[in-house]
2 protein chains.
Amino acid sequence: MKKVTMADVAKKANVSKSTVSQFLNKRYQYMGEETKRNIEEAIKELGYQPNFIARSLKQKRTSTIGIIVANIMHRLSTEVSRAIEDFCRSNEINTIVCNADDDPIKEKKYIEMLRAKQVDGLIIFPTGKNQELYKNMVDQQYPLVFMDRIVSDVKVDTVVVKNEEWASRGIQHLIDNGHERIAMIAPPLTISPRIERAEGYKKTLRKNGIDLNPHYFISTEIGTVKKELARLLAGDKPPTAIFAANDLAFLQVAEYVKEKAIQVPEELSIIVFDNIPFAHISTPTITTIAQPSFEMGKKAAELLLLQIEGEGTKPRIYAFDGDLIIRESSESKKA
Amino acid sequence: MKKVTMADVAKKANVSKSTVSQFLNKRYQYMGEETKRNIEEAIKELGYQPNFIARSLKQKRTSTIGIIVANIMHRLSTEVSRAIEDFCRSNEINTIVCNADDDPIKEKKYIEMLRAKQVDGLIIFPTGKNQELYKNMVDQQYPLVFMDRIVSDVKVDTVVVKNEEWASRGIQHLIDNGHERIAMIAPPLTISPRIERAEGYKKTLRKNGIDLNPHYFISTEIGTVKKELARLLAGDKPPTAIFAANDLAFLQVAEYVKEKAIQVPEELSIIVFDNIPFAHISTPTITTIAQPSFEMGKKAAELLLLQIEGEGTKPRIYAFDGDLIIRESSESKKA
DNA sequence: TAATTTTAATAAATCGATTTAGTAAACCGA
DNA sequence: TCGGTTTACTAAATCGATTTATTAAAATTA
């Protein structure tokens, strides 16, 4: 079944392609009532569906944006993507989501692919390792927003959470509950949020006059978290509380705790910096530092659409407040 | 910064557009070494990036497929989408994921949008309510695969799990553990998997000589599950085990159980038909009937790509085996 | 009535690639 | 030396829309 094109509609309605195009774009300025009816009828009879590709080629815009998440397994990625999609949808913009899997090479490939597809702009959770490419886009004034991670040296609108401040609040909460031996578990400190959370952890301990014990600070690949954890907890003076720097680190901690049947919070308190979907129904419920993923996603989308409309302003960083949600996993030792 | 086109490259390399096109498509058959080098250099110097849109228009294929999931909140949707994406990626096909939110109108809009964007084919988790539209696509021989749900009357390749059989196995497991008062909690029975799971539930009880108690069969909107559950458990002869028909239903059950501090499995056993990401680390761990989402996604993608290549065969239903993973939430009463 | 403006519709150029048909030079055997 | 083949490359048509410049008729004004 061959495709019905605008030319077919035009022929059937006895008008020119131009007129059909005007009709489809609702430019009725000087269009006869009868012509309108004829075209409408022809479209219906032939079952005509416009070809977006052809339109995009001429108009030089695809009404599509791309999202490149660093790692789709992070809950934040999916929540933010959802928010972006919702916002774009209500502005008649489509979104394409790609997963770079924390791999700068994949990230580069996706950026090139999406640009080849002429998407009107990109929202990226940057790996941070493609500075050249980022700068290139900035130079070309290509609409671009960074999410979750700050890349210094690249002047782009960036949406993040106040990592240091809210990590600090989480640690303070543990200290207020009587903990002094607090460990932090994090993936390698390769990107800004992890570095900032580590800062918050260290500064807050110091501020409370607690010495930093380097053994309590574990920064390692996800796959080796459990091994490190075993060593830590088997050691002398094991920590009484753990701060998991993100959801994937927490998952490892949770698996370990489950396997070893460690009592939480009696033997070990736990807090997590990230959104955990089942935090409120697990046993025990989990204390989290939540990120306002919906607002962040919406903000990023707004910023990008502004840039696309040519109304972007001087690039800056938009830092959102987190939320410390205290649950059972960090209940007071004295309670 | 205006876009660099093939014409610019051609001019710079002192050849025709055609030659540049040949070069880009690696049709080196009769191309001089020097010409090749010239073109390569021109491309690098100008920073030329091909325009996929223009290519798609001429070639009448976008190398892109669409996925329309019924509800992105179902774990199955995301897992299957991931599998599809992975398979497509390795075949140089891009994917666009859309979420119909269980709404036939949105589903219709997405089908039309994606087809306007000239995607080469669609994988749909059908709401089942757009029969006209589905049939239309079939008639036009548009590449199409259904996932998770069977729509009778529409002859399309369909990938599902053996719902009745594996629901049955789950129920049998509960019966073998000494349960007789088994409730089933499900969303409205509007689509085939839910109907088939209910069949499995009923038939297995009957086969074991257990009378069906209509009060034990709750099929209602997600929002009212907890209320119904409260009534059920407060009633005379409350069930000793619950079969949650999918992940969202289970989430409601889990929340309720948490709120009321019901002991699982001592007071109430639970099994779920669906993939639950934290089933193995929750307390208690959760018995699930898992679906092979990865294989299912891969199969669907394979079927679709075959259709796109024009090598599709007579449409049929591909039913996959599930997997009963027994965990703490359904531990034997007698153990 | 002639000049001007408004209304209605169109022809043709364009977007940036791919593809087909064709050309010209070099080569080659008889 | 001639016809035929191979090699290297190109001009022009095409994909399906949008858009600009243009035309022609009808309505209005002077």
Side-chain angles (χ1 to χ4, degrees), chain A residues 1-40 42-43 46-64 112-113 115-120, chain B residues 1-40 42-43 46-64 92 112-120:
Chain A
M1 193 140 309
K2 64 190 177 310
K3 275 284 164 72
V4 180
T5 83
M6 222 171 69
D8 300 322
V9 175
K11 186 176 288 177
K12 177 135 205 158
N14 264 310
V15 294
S16 73
K17 282 195 300 172
S18 330
T19 308
V20 178
S21 177
Q22 314 281 23
F23 175 83
L24 287 170
N25 290 288
K26 301 196 184 3
R27 308 203 101 271
Y28 299 134
Q29 314 206 334
Y30 306 120
M31 193 173 299
E33 280 306 319
E34 181 157 352
T35 310
K36 266 193 249 181
R37 263 187 290 105
N38 284 342
I39 295 176
E40 205 158 21
I43 287 176
L46 295 172
Y48 168 73
Q49 302 263 153
N51 182 327
F52 228 83
I53 295 289
R55 149 187 271 245
S56 297
L57 178 59
K58 186 71 220 268
Q59 289 193 155
K60 299 186 162 212
R61 67 180 340 240
T62 51
S63 299
T64 303
E112 283 168 356
M113 182 273 278
R115 297 208 53 189
K117 287 208 154 200
Q118 312 299 116
V119 300
D120 298 335
Chain B
M1 193 144 304
K2 62 187 179 314
K3 274 286 166 68
V4 179
T5 85
M6 223 170 69
D8 300 322
V9 175
K11 184 177 290 178
K12 177 135 202 160
N14 264 310
V15 295
S16 73
K17 282 195 301 171
S18 329
T19 308
V20 178
S21 179
Q22 314 281 24
F23 175 84
L24 287 171
N25 290 288
K26 302 195 180 10
R27 309 204 99 269
Y28 299 134
Q29 311 205 337
Y30 305 121
M31 194 173 301
E33 279 306 319
E34 181 158 353
T35 309
K36 265 193 251 183
R37 264 187 289 105
N38 284 342
I39 295 177
E40 204 158 24
I43 287 176
L46 296 173
Y48 168 72
Q49 302 264 153
N51 182 328
F52 227 83
I53 294 288
R55 149 186 273 243
S56 297
L57 177 59
K58 185 71 221 265
Q59 289 192 156
K60 295 180 163 221
R61 67 177 343 237
T62 50
S63 299
T64 304
E92 313 242 272
E112 284 168 354
M113 184 272 280
L114 288 169
R115 296 207 54 191
K117 288 208 154 198
Q118 312 298 118
V119 300
D120 299 335

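Lettering follows sequence order; numbering is per chain, from 1.
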Got a second to check how far [X]'s [atom1] is from [Y]'s [atom2], nearest 0.5 Å?
| X | Y | atom1 | atom2 | answer |
| --- | --- | --- | --- | --- |
| L24(B) | I39(B) | CG | CD1 | 8.0 Å |
| Q59(B) | D120(B) | CD | CG | 10.0 Å |
| S63(B) | R55(B) | OG | CZ | 7.0 Å |
| R115(B) | K117(B) | CZ | NZ | 15.5 Å |

Proximity to DNA chain D (any heavy atom under 4.0 Å), residues of residues 11-22 of chain B only: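 Within this stretch, N14(B), V15(B), S16(B), S18(B), T19(B) sit under 4.0 Å of the strand.
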Proximity to DNA chain D (any heavy atom under 4.0 Å), residues of residues 46-53 of chain A only: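 Those residues whose heavy atoms fall under 4.0 Å from DNA chain D, taken from residues 46-53 of chain A in numerical order, are Y48(A), P50(A), N51(A).
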Q29(A) atom CD: more than 12 heavy-atom contacts under 6.0 Å: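 Atom CD in Q29(A) is crowded, with more than 12 foreign heavy atoms closer than 6.0 Å.
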Bending between helix ends of the helix from dT1(C)-dA30(D) to dA30(C)-dT1(D) [5 pairs per end, 10° resolution]: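 End-to-end axis angle for the helix from dT1(C)-dA30(D) to dA30(C)-dT1(D): 60°, rounded to 10°.
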Sugar-phosphate only, base, or nothing, as touched by T35(B) at under 4.0 Å among non-hydrogen atoms: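 Here T35(B) touches the backbone only, sparing every base.
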Value in whole Å for how far the [atom2] atom of [N] lies from [atom1] of [X]:
| X | N | atom1 | atom2 | answer |
| --- | --- | --- | --- | --- |
| N38(A) | dA8(C) | CG | C1' | 14 Å |
| R27(A) | dA9(C) | CZ | P | 15 Å |
| Y28(A) | dT6(C) | OH | P | 24 Å |

Sequence neighbours excluded, every pair satisfying salt bridge (charged side-chain N to carboxylate O under 4.0 Å, His left out) that has a member inside residues 28-40 of chain B: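 For residues 28-40 of chain B, and leaving out neighbouring residues, the salt bridge (charged side-chain N to carboxylate O under 4.0 Å, His left out) pairs sorted by first residue read E33(B)-K36(B).
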Stepwise side-chain contact (heavy atoms from CB on, under 4.5 Å) check, K58(A) with L57(B): CA-CA 11 Å; K58(A) 186 71 220 268; L57(B) 177 59; over 6 Å; no
For [X] and [Y], which heavy atoms make the closest approach, and how far apart are they?
| X | Y | answer |
| --- | --- | --- |
| Q118(A) | T62(A) | O-OG1, 2.9 Å |
| D8(B) | K3(B) | OD2-O, 3.9 Å |
| I43(B) | V9(B) | CG1-CG1, 3.8 Å |

Can you list, pair by pair, the side-chain donor-acceptor contacts under 3.5 Å of residues 47-54 of chain B, counting residues two or more places apart and other chains?
unit_1	atom_1	unit_2	atom_2	d
N51(B)	OD1	I53(B)	N	2.8
N51(B)	OD1	A54(B)	N	3.1

Within-4.5 Å side-chain heavy-atom neighbours: T35(A) and V15(A):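 Yes; the side chains approach each other to less than 4.5 Å.
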First encountered from the 5' end of DNA chain D, between R55(A) and M31(B):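 Per heavy-atom nearest nucleotide, the more 5' residue is M31(B).
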Distance-only polar pair, side chains of T19(B) and S16(B), donor-acceptor under 3.5 Å: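 Yes - a donor-acceptor pair under 3.5 Å links their side chains.
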Nucleotide interval of DNA chain D bounded by contacts with chain A (heavy-atom cut-off, under 4.0 Å):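 Listed 5' to 3', the contact boundaries are dG16(D) to dT19(D).
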